[in-house]
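Here the structure comes first, spelled out in structure tokens, and everything after it is commentary.
Just so it is clear, the model here is predicted, and its values are computed rather than measured. The basis for the numbers below is simple: all heavy atoms, side chains too, and nothing from hydrogens, waters or symmetry mates.
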Amino acid sequence: MNSRPDSATSAAGRALSRAVLRQGGARCAALCAVSTAATATGLLLPALLGHTLDLLLAHAPAARWIGGCAGLVLLLALLDGCASVVTGTCDARATAWLRRRLTGHVLALGPRATARFGAGDLVARLVGNAAQAGTAPGALAALLAAFAGPVGGVVALALIDPCLAAVFLAGAPVLALLLRAFARDTTACVADYQRVQGRIAGALAEAVGGFRTIRAAGAEERETARILAPLPELSHAGHRMWRVQGRAAAQAVTVAPLLNLGVLAVAGLLLARHRVSVGEMLAASRYAVLATGVGALVGQLAALGRARAATGRLAEVLAEPAPAHGTGQLPPGNGRLELRAVTACRGGRTVLDGVELTVPGGTTLAVVGRSGAGKSLLAQVAGRLADPDAGEVLLDGVRLRDLTHAELRRTVAYAFERPVLPGTTIEDTIAFGRPGTTPAAVRAAARRAHADDFVRRLPAGYATRTADAPRSGGEAQRLGLARAFAHGGRLLILDDALSSLDTVTEHRITETLLAADPDRTRLLIAHRATTAARADRVAWLDAGRVRAVGTHRELWREPEYRAVFGGDGTRDAEAGGGQEQTDVCDGRRRTPDGDRNEQPRGDMYRTGSGS
């Protein structure tokens with residue numbers, strides 16, 4: 001069962017690695033050139049030093065050669081500095097590109113991303129793993145330059161005397177095998193380490209999201225222990241990583257001196273036979289060290305292993321297929337919505353099971369059901385925030401999957417129970433997703449959502465920074481509703497977007513919402529009987545299936561339908577929407593804006609005309 005995802009992830013990892021290297025492009029090539037030039041300078045320096053030593057021993061003029069040696073040392077320092085600057089730039093650009101790509105893909109996946117990986121783990125991948133994966137171009141360029149050192153060292157030994165190169169090459173295969181094993185083991189260890197880091201980050205994100213519940217329950221210590229429970233596993237993975245690196249370094253360091261001693265021994269014999277000079281023997285000793293450049297190779301291989309493991313974790317996210325969009329446009333219409341045999345599964349469970357539902361254009365349908373009946377998933381599927389596993393969703397006769405992304409998002413507007421409010425100012429927040437929305441349209445939408453009054457009381461009104469604007473849960477919901485109203489479109493989906501409002505404010509907004517609008521269809525996920533009573537029709541969802549569709553008054557005759565609302569079966573709901581009704585205020589004190597807080601002051605009733 002896991003072979004397909006593994007193969008898909010591996011293919012995605014290889015493709016991502018190639019894409020990162022392509023993004024490095026000119027900078028990676030420049031880094032490789034600078035690093036290679038530094039390596040070439042380092043290879044030239046021993047020969048120059050050896051020749052200078054021979055001149056000094058022969059009492060020949062050597063001032064120019066000494067100056068040349070000093071110049072090479074300065075050039076080597078300059079090239080190393082340039083390589084450091086280019087490496088930092090290359091890594092930063094590759095990391096930025098990876099983060100943009102991963103962020104865009106996560107947003108395209110929508111709720112599937114957090115359901116599959118968890119918010120904390122996604123943040124860990126986006127922040128930590130992307131930074132490590134971004135070092136791949138620089139590590140690869142440095143590795144190529146690091147390999148140039150041993151290759152150049154062997155060539156230089158051969159130029160001094162072929163016997164020296166032959167001695168080194170006799171033991172080189174053992175060194176190559178050790179380095180290969182190190183690279184393989186390092187990637188596996190680092191992948192385990194990063195995986196455990198992601199689990200800790202996911203647990204921490206969950207705890208931060210529910211910190212009020214944790215504090216109220218006095219469970220701080222227990223949650224701390226839960227978050228840090230994987231620490232022993234993390235420690236084991238870290239120690240294993242260091243053991244692998246230490247073992248490889250120890251083995252390589254054991255082989256490298258033997259090769260150096262072999263080269264020096266042969267060079268001594270050649271010196272005794274007058275086949276090489278003292279200066280050439282000095283150069284040969286330096287070239288033997290360069291040829292066995294284990295330290296540089298081990299370091300670069302370790303960096304490349306970490307980058308490869310991090311790239312694999314990013315590829316796991318990118319391997320999740322994002323929804324594909326078509327090229328179609330909607331014909332003229334008023335938002336007729338059809339769900340045909342829609343089935344959707346989550347977590348191995350069928351949440352929606354063959355749902356058949358039609359919402360005539362320009363009408364309002366309330367979807368009700370017990371917790372877990374699939375209401376929120378139906379809302380996601382209806383506007384293509386999620387795709388069903390089977391079946392089709394059509395809007396004015398066109399499948400949603402056939403629409404372009406721009407057409408789909410322009411047509412469908414959403415408001416949620418806990419709206420996220422991006423944007424710099426309140427005005428930006430309401431206009432979010434609809435560039436070009438005029439200030440007049442923003443204020444009109446706020447008035448429809450009954451948000452205009454409290455926005456005007458903010459220090460800078462609509463220009464107040466959203467992050468600095470104090471607001472209750474109901475005020476946040478009204479800003480979310482205002483954003484949906486400003487969005488326009490022919491289909492408006494409200495996923496329990498009135499739940500934090502008091503009864504009076506909900507009644508006023510519902511009247512505005514349900515006012516005759518033949519060009520817009522409204523789909524409401526309702527948890528209150530009063531909301532269902534005001535809709536044109538109600539779809540009763542039970543265990544993932546549509547049990548019945550009718551008016552609230554018709555369905556209210558069923559005891560099981562009434563049980564869906566529990567204690568919310570108010571007189572208004574019982575009347576099914578009608579003439580004179582009694583609205584039950586929930587017995588909680590209201591803020592001046594009509595939002596609830598948690599201070600009861602007894603039962604309060606108000607009699608008035610219903611919708």
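Judged by distance alone, with hydrogens and angles left aside, the side-chain atoms of Lys375 form a donor-acceptor pair with the main-chain N or O of Arg370 at under 3.5 Å. Without hydrogens or angle criteria, Arg125 side chain to Val123 main chain gives no donor-acceptor distance under 3.5 Å. No donor-acceptor pair under 3.5 Å is formed between the side chain of Arg522 and the backbone N or O of Leu365.
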Report task. Could you go through the salt bridge (charged side-chain N to carboxylate O under 4.0 Å, His left out) check for Arg313 and Asp121 one step at a time? Result -> CA-CA 10 Å; Arg313 281 177 55 77; Asp121 188 35; 2.8 Å; yes
Query raised in the report: Stepwise, does the side chain to side chain donor-acceptor pair (under 3.5 Å) test hold for Asp389 with Thr343?
Result: CA-CA 6 Å; Asp389 295 280; Thr343 297; over 6 Å; no
Report task. Report the C-alpha separation of Arg409 and His325 in whole Å, then their side-chain angles, then the decisive distance to 0.1 Å, and conclude whether the side chain to side chain donor-acceptor pair (under 3.5 Å) test is met. Result -> CA-CA 11 Å; Arg409 298 278 70 93; His325 295 277; over 6 Å; no
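A salt bridge links Glu338 and Arg336; the closest N-O separation between the charged side-chain nitrogens and carboxylate oxygens is under 4.0 Å. With salt bridges taken as basic N to acidic carboxylate O contacts below 4.0 Å, one links Asp452 and Arg456. Looking at Arg545 and Asp353, a side-chain N of the basic residue comes within less than 4.0 Å of a carboxylate O on the acidic one, giving a salt bridge. Glu560 and Arg547 are joined by a salt bridge, as a carboxylate oxygen and a charged side-chain nitrogen come within less than 4.0 angstrom of each other. One finds no salt bridge joining Arg534 and Glu511 here, because no Lys/Arg side-chain nitrogen approaches an Asp/Glu carboxylate oxygen to under 4.0 Å. Using a 4.0 Å cut-off between charged nitrogen and carboxylate oxygen, Arg399 and Glu392 count as a salt-bridge pair.
Of the candidates Val412, Leu378, Thr363, Leu378 is the only one forming a side-chain contact (heavy atoms from CB on, under 4.5 Å) with Leu523. Arg490 pairs in a side-chain contact (heavy atoms from CB on, under 4.5 Å) with only one of the listed residues (Thr411, Asp519, Leu337, Asn334), which is Thr411.
Atom OG1 of Thr103 is separated from atom NE2 of His105 by 11.5 Å, given to the nearest 0.5 angstrom. The CZ atom of Arg478 sits 6.5 Å away from the OG atom of Ser472 when rounded to the nearest 0.5 Å. Thr466 OG1 to Glu427 CD: the interatomic distance, rounded to the nearest 0.5 Å, is 10.5 Å. The CZ atom of Arg99 sits 10.0 Å away from atom CG of Asn129, with the distance rounded to the nearest 0.5 Å.
Contacts of Tyr561 classified as side chain to side chain donor-acceptor pair (under 3.5 Å), with partners at least two apart in sequence or in another chain: His552. Applying the salt bridge (Lys or Arg N to Asp or Glu O under 4.0 Å) test to Arg100 and every residue at least two apart in sequence or in another chain returns nothing.
Residues Thr327 and Thr404 bring no donor and acceptor atom of their side chains to less than 3.5 Å of each other.
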